[in-house]
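Okay, structure first, notes after.
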Amino acid sequence: MNLLRGLAIALALGTSTLSAHAGNVLIVLSDSDRLDLKDGKVFKTGFYLNELMQPVQALLDAGHEITFATPKGTAPSVDVTSIDKMYFGGDEAAMKASEAQLSELGLMSSDRSPVISLARVEQIGYEHFDAVYVPGGHAPMQDLLVSSELGKLLTWFHENGRTTALACHGPIALLSTLPDAQGFVTQFETAGTAKQAGWVYGGYRFTVFSNQEEEMAKGLLGGGEMKFYPQDALTQAGAQFSQADVSFSAHIVTDRELITGQNPASAPAVARELLARLK
């Protein structure tokens, strides 16, 4: 199967003709290849391979259209630590297949990347997309949480009841819909607490990479320390957190139009729920 057949919207930006028999899914990734940590330290990161490619493969196999976007339209980066068979149930062949599919898509290629900006998504029209998916990796904590363009898009999806799926650190992007996302994040970073009225996801049930998992995985940061954990920020904003009984095991939460997955192991379950909604 040619994976590029699923990129019709992104490769034909001058037309609004869309498939009538398939869903159209927007996948939003971070522009960033880093996460700024405390004390001026930096963690090189990006999206997680399995969190992007397992849902992408499931969507394409089901015949859906896919458009890839980042806030600025620049090519995203993969977190090299995610290129590990443990995120594919120990199946190295599955990992290699995802690497090959990612290469075929050309997302990270400077000369042929199909990635468009969120401004271009708005020009195409939010109504053309049946669902949006935000995979994890630490990169969304650098830019997606304060992206006004993403906040506008997610607010439209919320108001129109369209499926919104996010995995692992991806749910931090929900903060972008706050009336002043940057102000909330800055206050939370400095004071450890923040309040802001008018959040569209206030009261929603959700999951995200848990504090316990962050503590268990912080060796990946090379001695650095995150400015805050996503579980704390989203709970402080007004959402209701849920987690698996066993860390790093699959766990998803659905609430109205929202689908959230806790960790890398949850990506296939998020994909299944997303496919069910698209039917």
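Among the candidates Val208, Leu234, Thr260, the single residue satisfying the side-chain contact (heavy atoms from CB on, under 4.5 Å) test with Phe241 is Val208. When the options Leu174, Val253, Leu258 are evaluated for a side-chain contact (heavy atoms from CB on, under 4.5 Å) with Tyr204, the one that passes is Leu258.
A distance of 13.5 Å separates CZ of Phe157 from OG1 of Thr177, quoted to the nearest 0.5 Å. Going from atom CD of Gln54 over to atom CZ of Arg272 covers 9.5 Å, rounded to the nearest 0.5 Å. Rounding to the nearest 0.5 angstrom, the gap separating the CD atom in Gln212 from the OH atom in Tyr229 is 11.5 Å. Rounding to the nearest 0.5 Å gives a distance of 6.0 Å between CE of Met226 and CG of Leu35. The structure places CD of Gln236 at 10.5 Å from CG of Leu175, a figure rounded to the nearest 0.5 Å. Annotation: the span from Leu178 atom CG to Phe184 atom CZ amounts to 6.0 Å, rounded to 0.5 Å.
Under the 4.5 Å side-chain heavy-atom criterion for grouping Ile, Leu, Val, Met, Phe, Trp and Tyr, Met86 is connected to Phe47 within one hydrophobic cluster. At a threshold of 4.5 Å between side-chain heavy atoms, the hydrophobic network of Ile, Leu, Val, Met, Phe, Trp and Tyr places Met95 and Leu220 in one connected group.
Not a single side chain to side chain contact (heavy atoms under 4.5 Å, CB included) links Ser103 to another residue, sequence neighbours left out. Listed by chain and residue number, Trp156, Arg162 satisfy the side chain to side chain contact (heavy atoms under 4.5 Å, CB included) test with Asn160 (two or more places apart in sequence, or in another chain). Remark: Ser109 pairs with Asp111 by the side-chain hydrogen bond (donor to acceptor under 3.5 Å, both in side chains) rule, at least two apart or across chains.
Within the 4.5 Å cutoff, side-chain heavy atoms of Phe206 are placed close to those of Thr235. Contact of the Pro71 side chain with the Asp143 side chain is registered, since non-hydrogen atoms from C-beta on lie closer than 4.5 Å. Inter-residue side-chain proximity for Leu278 and Val25 is flagged as met; some heavy-atom pair is nearer than 4.5 Å. At least one side-chain heavy atom of Thr163 sits less than 4.5 Å from a side-chain heavy atom of Ile259. By the 4.5 Å heavy-atom criterion applied to side chains, Leu29 and Pro135 are counted as neighbours. Inter-residue side-chain proximity for Leu107 and Leu52 is flagged as met; some heavy-atom pair is nearer than 4.5 Å. Residues Leu153 and Glu122 fail the side-chain proximity criterion, which asks for heavy atoms closer than 4.5 Å. Between Leu118 and Thr70 there is no side-chain heavy-atom pair separated by less than 4.5 Å.
Here the closest non-hydrogen pair linking Leu274 and Ala131 is CD1-CB, 3.7 Å. Across every non-hydrogen atom of Ser98 and Phe88, the tightest pair is OG-CE2, 3.3 Å. Between Ala250 and Ala265, the shortest heavy-atom contact is CB-O, 3.5 Å. Considering every non-hydrogen atom in both Leu275 and Leu59, the closest pair reads CD2-CD2, 3.8 Å. In terms of heavy-atom proximity, Ala173 sits nearest to Leu150 at CB-CD2, 3.7 Å. Closest non-hydrogen pair, Met108 versus Leu102, comes out as CE-CD2, 3.6 Å.
Proximity of a side-chain donor or acceptor of His64 to a complementary backbone N or O of Asn24 within less than 3.5 Å is not detected. Here the side chain of Glu189 pairs no donor or acceptor atom with the backbone of Lys227 at under 3.5 angstrom. At least one donor-acceptor pair under 3.5 Å links the side chain of Ser266 to the backbone N or O of His251. Listed for the Ser176 side chain is no donor-acceptor partner under 3.5 Å among the backbone atoms of Ser148. No donor-acceptor pair closer than 3.5 Å links the side chain of Asp33 to the backbone N or O of Thr45. Side chain of Thr186 to main chain of Gly183: no donor-acceptor pair is present (N/O by atom type, distance under 3.5 Å, no hydrogens or angles). A donor-acceptor pair is defined here as one N or O able to donate and one able to accept, closer than 3.5 Å; no such pair exists between the side chain of Asp79 and the backbone of Leu49.
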Evaluation steps, side chain to side chain contact (heavy atoms under 4.5 Å, CB included), between Glu51 and Tyr133: CA-CA 10 Å; Glu51 292 174 22; Tyr133 172 60; 4.2 Å; yes
Step-by-step side chain to side chain contact (heavy atoms under 4.5 Å, CB included) determination, Gln196 to Asp180: CA-CA 8 Å; Gln196 200 170 115; Asp180 179 12; 3.7 Å; yes
Derivation of the side chain to side chain contact (heavy atoms under 4.5 Å, CB included) call for Tyr201 and Leu154: CA-CA 10 Å; Tyr201 297 106; Leu154 291 178; 3.9 Å; yes
Test side chain to side chain donor-acceptor pair (under 3.5 Å) applied to Glu149 and Ser147, step by step: CA-CA 5 Å; Glu149 296 92 345; Ser147 168; 3.3 Å; yes
Audit row: Gln142, Asp36, side chain to side chain donor-acceptor pair (under 3.5 Å) steps and yes/no: CA-CA 7 Å; Gln142 183 73 14; Asp36 294 332; 2.9 Å; yes
Test side chain to side chain contact (heavy atoms under 4.5 Å, CB included) applied to Gln57 and Gln101, step by step: CA-CA 8 Å; Gln57 185 61 67; Gln101 291 157 5; 2.7 Å; yes
Side chain to side chain donor-acceptor pair (under 3.5 Å) between Gln262 and Gln243, worked out: CA-CA 7 Å; Gln262 181 175 328; Gln243 65 181 329; 4.6 Å; no
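Note on residues 198-217: pairs passing salt bridge (charged side-chain N to carboxylate O under 4.0 Å, His left out), not counting sequence neighbours, are Glu215-Lys218.
Ring centroid separation for the pair Tyr48 and Tyr87 comes in under the 6.0 Å cut-off.
The other residues sharing a hydrophobic cluster with Phe248 are Phe209, Met216, where clustering joins ILVMFWY side chains under 4.5 Å apart. Val246 belongs to no multi-residue hydrophobic cluster, having no ILVMFWY side-chain contact under 4.5 Å with any other such residue.
Using the six-membered ring where Trp is involved, His138 and His169 have ring planes that are tilted, between 30° and 60° apart.
Counting non-hydrogen atoms of other residues, nucleotides and ligands closer than 6.0 Å to NZ of Lys152 gives a total of 12 or fewer.
A salt bridge between Asp91 and Lys85 is absent, with no side-chain N of the basic residue lying under 4.0 Å from a carboxylate O of the acidic one.
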